[in-house]
There are 2 protein chains.
Amino acid sequence: MDARPVSMRIKLESYRASKDGERGLANCPVRTVIDTLGGRWATLLLSALAEKPYRFGELRRLVPDISQRMLTQTLADLQRDGYVHREVFPTKPPSVEYSLTDLGRSMFEALAHVLGWAERNHQAVRTARAAYDRAAEGIE
Amino acid sequence: MDARPVSMRIKLESYRASKDGERGLANCPVRTVIDTLGGRWATLLLSALAEKPYRFGELRRLVPDISQRMLTQTLADLQRDGYVHREVFPTKPPSVEYSLTDLGRSMFEALAHVLGWAERNHQAVRTARAAYDRAAEGIE
DNA sequence: CAGCATCCCACATGATACTG
DNA sequence: CAGTATCATGTGGGATGCTG
């Protein structure tokens with residue numbers, strides 16, 4: 001019996017094409033998901049929407065650093081992948097509300113493990129980086 | 001009392017600087033972690049190393065698509081963040097073994113939730129994308 | 001065997017201006 | 001309010017050749 005915890009038994013095969021004949025990483029299950037989440041703003045917007053639905057302008061104020069272009073585009077990417085629902089209210093001027101779908105909530109539940117880990121351990125990572133950089137400094 | 005599951009209560013503040021005075025996303029706890037993991041090869045190499053330690057050449061054969069440049073660089077990034085331990089054996093010619101550190105194993109345990117979700121749900125994501133693209137097609 | 005140095009380009013992201 | 005369009009740029013990543 002495999003003594004490793006379940007979480008350690010992710011199969012490397014999951015990174016390859018799901019069907020023979022498909023080449024490269026285009027069809028890789030993991031990359032299908034990570035490519036969208038790896039962007040600079042996706043996890044941030046997902047965290048906001050996990051809290052509650054928000055409108056475009058509210059998100060903009062919530063994340064002042066994001067440009068309007070990237071806010072629009074990231075939301076579109078998340079909607080395209082089925083994580084986010086976009087609802088237009090034909091008021092005047094119009095308002096648009098964004099919310100997580102069931103798929104999005106399901107995915108965020110998994111992602112939250114990483115976000116939680118990051119909250120708890122980012123200092124350890126920073127410390128490791130500083131040590132690595134200090135060691136590299138001595139060599140040059 | 002907050003009825004949301006623990007995983008939903010990731011605080012948006014975690015994305016901001018950990019200390020006042022630090023501006024932008026440079027000091028964001030989540031970005032500190034995600035910036036490294038978001039790359040094209042990091043999760044793939046971590047999955048391999050979670051299985052067992054590997055040498056440079058073994059990793060290269062395991063992941064034929066990766067260029068030598070990116071294999072070296074990604075491993076260095078992972079080592080710098082403290083996820084990976086690099087051990088040089090002064091044989092001739094030299095061999096170098098890479099393995100997960102305790103920090104790396106801890107982090108991968110969280111990451112595995114996302115990888116597992118991706119394995120189980122990538123088809124749903126692909127389906128959502130196809131539907132979105134089909135709808136967009138009709139408009140143009 | 002396990003890298004490093006160099007060149008190069010596509011693409012992700014930002015800045016700015018305009019619109020229904 | 002919630003976008004779109006356009007231009008500019010930094011950098012992630014590939015290709016290739018060299019080295020201890």
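Taking the salt bridge (Lys or Arg N to Asp or Glu O under 4.0 Å) definition, one finds that Arg60(A) meets it with nothing, sequence neighbours left out.
Residue Arg60(A) contributes atom CZ, which lies 13 Å from atom P of dT4(D) at whole-angstrom precision. Note: CG (Leu71(B)) to P (dA15(D)) measures 14 Å, nearest angstrom. Across the protein-nucleic acid pair, Gln68(B) atom CD and dA15(D) atom C1' stand 11 Å apart, rounded to whole Å. Summarising the geometry, the separation between CG on Leu75(A) and C1' on dG3(D) is reported as 11 Å, rounded to the nearest angstrom.
Less than 4.0 Å separates DNA chain D from at least one heavy atom of each of the following residues of residues 79-98 of chain A: Arg86(A), Pro93(A), Pro94(A), Ser95(A), Val96(A), Tyr98(A).
The CG atom of Leu71(A) sits 4.5 Å away from atom CD1 of Ile66(A), with the distance rounded to the nearest 0.5 Å.
For the helix from dC1(C)-dG20(D) to dG20(C)-dC1(D), the axis fitted to the five pairs at one end and the axis fitted to the five pairs at the other end meet at an angle of 50° (nearest 10 degrees).
Ring geometry, His113(B) versus His113(A): the interplanar angle falls under 30°, so the pair is classed parallel (tilted spans 30 to 60°).
Counting only residues at least two apart or in different chains, salt bridge (charged side-chain N to carboxylate O under 4.0 Å, His left out) contacts with residues 90-103 of chain A comprise Asp102(A)-Arg105(A).
The same ILVMFWY cluster, assembled from side-chain heavy atoms under 4.5 Å apart, contains both Val88(A) and Tyr98(A).
Phosphate contact (OP1/OP2 of dC1(D), side-chain N/O of Arg55(A), threshold under 4.0 Å): absent.
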>> Treating primed atoms plus P, OP1 and OP2 as sugar-phosphate and everything else as base, which nucleotides of nucleotides 6-12 of chain D get B, S or - for protein heavy atoms under 4.0 Å?
In response: B------
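Nucleotides of DNA chain C lying under 4.0 Å from heavy atoms of chain A occupy a range whose first and last members, 5' to 3', are dT13(C) to dG20(C).
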